[in-house]
Amino acid sequence: EATTVPPLGGPSSFDPTHSHPHPHPPPRPPLLLPGIASVLPFNRGGYDYYVLTVTADMAALVVVTLFYQLTVNADPEALVETYHQGLFPIDYVLAVSTCIGLIVLDRIIYLNRAKAAKVVYHYVTYAAFCAYLFQLYHRNSGAPSALTATAGQESRTRLLRVFFLLKSLSFALNARQLRSGYRQEGSAASKLHRRSDSLSFMGFCAYLSVPFMYELRVLLDYACTDSSLDLTDWLKLENINRDLLRINVRNMTYRRYHPFGHPQPWWKKVIVQGGGMFLLLMSILLVPFFIFSTSNPQVGVNPVYAASLNITVATADHAAVFPIFNGGFQRFVHTPQRWEELGTNATAPPVNYPQQIQEVCLAPDSNQLWSLPPPALKTFNDTVLKEGTLVLATWTFRRNLPLDNQVLEAS
């Protein structure tokens with residue numbers, strides 16, 4: 001008895017779902033427009049608000065550095081006093097350090113594309129700044145007692161508003177960054193390197209002019225970026241990117257009105273670059289010789305116009321000191337014609353002008369009446385009669401220049 005074998009791939013005799021002898025038709029391909037071979041899914045990703053955010057944070061840092069002590073401590077001269085004393089209040093140091101630390105932390109989160117850390121950073125800093133600024137604002141808005149206090153409180157309130165405006169702008173940009181997400185691109189990419197116009201180059205030069213800002217950014221990027229380069233190669237790569245930016249800006253701006261091969265204008269060679277740089281270097285070499293020469297009016301004659309003498313008797317350990325003579329109200333200051341007129345055995349010093357040698361004579365009478373109570377007089381007699389008593393003579397001279405050192409003393 002013969003049996004029928006079904007074809008390869010066809011339905012079998014025991015298939016319960018088979019209802020017709022023909023297989024299912026293949027699926028139809030999607031309808032494409034002319035010239036399109038295939039379609040792939042694509043997502044641009046989020047936007048990058050980091051440059052704007054760090055700009056607002058840096059502006060807020062400048063406000064804190066300049067006006068923190070005026071706003072918090074209500075002392076308009078605090079920054080000047082801090083500069084002269086060389087000591088910074090600890091609250092001022094902590095405030096500036098906190099702002100810098102938050103900027104560094106935001107940079108680390110940005111480099112690692114840490115969305116969860118960005119959420120925590122945003123809400124914690126927002127709550128902390130709002131609580132502190134509102135408390136400080138209400139403290140400065142108390143009822144003043146005078147018109148000057150009102151003006152000072154208004155100035156501090158305006159500074160608080162400026163700082164809160166900058167931080168609010170930073171918080172708004174952080175919120176937009178959280179909503180849009182981060183771009184999935186290389187974290188070491190620089191916004192300034194992507195554009196080659198003059199405005200971006202000026203911003204990059206201003207960024208490089210801040211001391212250690214560029215170096216800190218490069219080191220932090222290297223620490224937070226996955227790379228097979230060591231630090232030396234990473235620094236070389238950053239220098240290459242910086243030089244490429246400068247060359248691109250030069251090609252796009254300077255070469256527009258000065259094509260390759262054309263000679264340089266004479267005014268640029270003689271005045272601006274070649275001759276100007278030559279004169280600058282020659283000035284650096286020769287001007288110091290003129291400044292420290294006798295032609296400088298500040299190095300000329302600086303005569304003494306007043307002098308005084310103070311004679312003091314003291315013990316060897318300076319436990320008791322008795323001023324016995326103070327003269328100088330009656331004095332005579334003049335310039336001798338010859339060195340021999342001074343009647344001294346010392347050798348004449350080398351001077352450029354004869355007026356640099358002066359003679360000072362004081363009257364033998366003291367300016368003040370010297371009187372001691374009996375206990376002090378007894379101590380004085382015991383001090384003078386002891387062995388090792390010191391007699392100190394101190395001359396004080398006054399001159400017009402320099403302004404920061406007009407008084408000289410010689411013992």
Side-chain angles (χ1 to χ4, degrees), residues 33 36 38-64 98-134 161-208 210 213-214 216-227 229 234 237-238 241-242 244-245 248-249 252:
L33 297 177
I36 299 179
S38 62
V39 178
L40 297 177
F42 174 76
N43 182 17
R44 175 181 292 181
Y47 294 93
D48 196 343
Y49 296 97
Y50 177 75
V51 175
L52 299 176
T53 304
V54 75
T55 301
D57 290 337
M58 292 298 295
L61 175 61
V62 172
V63 173
V64 171
T98 302
C99 293
I100 296 176
L102 291 177
I103 294 176
V104 174
L105 180 60
D106 190 22
R107 178 69 179 179
I108 295 175
I109 296 174
Y110 170 75
L111 293 174
N112 292 277
R113 300 298 192 266
K115 298 179 181 179
K118 183 69 173 180
V119 173
V120 176
Y121 169 84
H122 174 69
Y123 283 105
V124 170
T125 55
Y126 178 76
F129 273 105
C130 287
Y132 180 74
L133 290 176
F134 287 163
R161 291 172 179 173
V162 170
F163 177 76
F164 188 70
L165 176 63
L166 295 173
K167 293 304 296 183
S168 299
L169 179 61
S170 175
F171 292 143
L173 293 172
N174 282 332
R176 293 293 299 174
Q177 187 71 74
L178 289 174
R179 183 177 181 180
S180 64
Y182 289 108
R183 286 181 180 270
Q184 299 301 325
E185 59 186 4
S187 59
S190 177
K191 288 291 183 182
L192 294 177
H193 289 170
R194 297 177 185 175
R195 300 177 56 181
S196 300
D197 54 351
S198 300
L199 182 61
S200 299
F201 185 71
M202 293 175 60
F204 187 70
C205 291
Y207 164 70
L208 291 177
V210 180
M213 180 67 70
Y214 177 76
L216 291 174
R217 197 269 302 174
V218 171
L219 294 176
L220 187 61
D221 289 358
Y222 177 75
C224 299
T225 305
D226 294 334
S227 175
L229 303 177
W234 185 274
L237 181 61
E238 288 291 336
N241 291 331
R242 184 175 57 184
L244 287 177
L245 174 64
N248 290 335
V249 172
M252 296 183 63

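Panel note: side chain Tyr110, backbone Asp48; no donor-acceptor pair is recorded below 3.5 Å.
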If you apply the rule side chain to side chain contact (heavy atoms under 4.5 Å, CB included), what do you find for Phe171 with Phe164, and how did you get there?
CA-CA 10 Å; Phe171 292 143; Phe164 188 70; 5.5 Å; no
Side chain to side chain contact (heavy atoms under 4.5 Å, CB included) between Tyr214 and Arg242, worked out:
CA-CA 11 Å; Tyr214 177 76; Arg242 184 175 57 184; 3.8 Å; yes
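Contact of the Asn241 side chain with the Leu245 side chain is not registered, since no non-hydrogen atoms from C-beta on lie closer than 4.5 Å. For the pair Leu178 and Asn174, the minimum side-chain heavy-atom distance is 4.5 Å or more.
A search for side-chain hydrogen bond (donor to acceptor under 3.5 Å, both in side chains) contacts involving Arg176 returns nothing, not counting sequence neighbours.
With values rounded to the nearest 0.5 angstrom, Leu105 atom CG is found 13.5 Å from Ile100 atom CD1. Between the NZ atom of Lys118 and the CG atom of Asn112 there is a distance of 12.5 Å, given to the nearest 0.5 Å. We find the CD1-CG distance between Ile108 and Asp221 to be 10.5 Å, quoted to the nearest 0.5 Å.
Of all the heavy atoms in Tyr182 and Arg113, the pair that sits closest is CB-CD, 3.2 Å.
Remark: Arg217 fails to qualify as a cation-pi partner of Tyr207 under the 6.0 Å distance and 45° angle criteria applied to the six-membered ring.
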May I have the list of side-chain donor-acceptor pairs in residues 119-132 shorter than 3.5 Å, sequence neighbours left out?
| unit_1 | atom_1 | unit_2 | atom_2 | d |
| --- | --- | --- | --- | --- |
| Tyr121 | OH | Leu102 | O | 3.3 |
| Thr125 | OG1 | Tyr121 | O | 2.6 |
| Thr125 | OG1 | His122 | O | 3.1 |

Side-chain donor-acceptor distances from residues 50-63 under 3.5 Å, at least two apart:
| unit_1 | atom_1 | unit_2 | atom_2 | d |
| --- | --- | --- | --- | --- |
| Thr53 | OG1 | Tyr49 | O | 2.7 |
| Thr55 | OG1 | Val51 | O | 2.7 |
| Asp57 | OD1 | Lys167 | NZ | 3.3 |
| Asp57 | OD1 | Ser170 | OG | 2.7 |

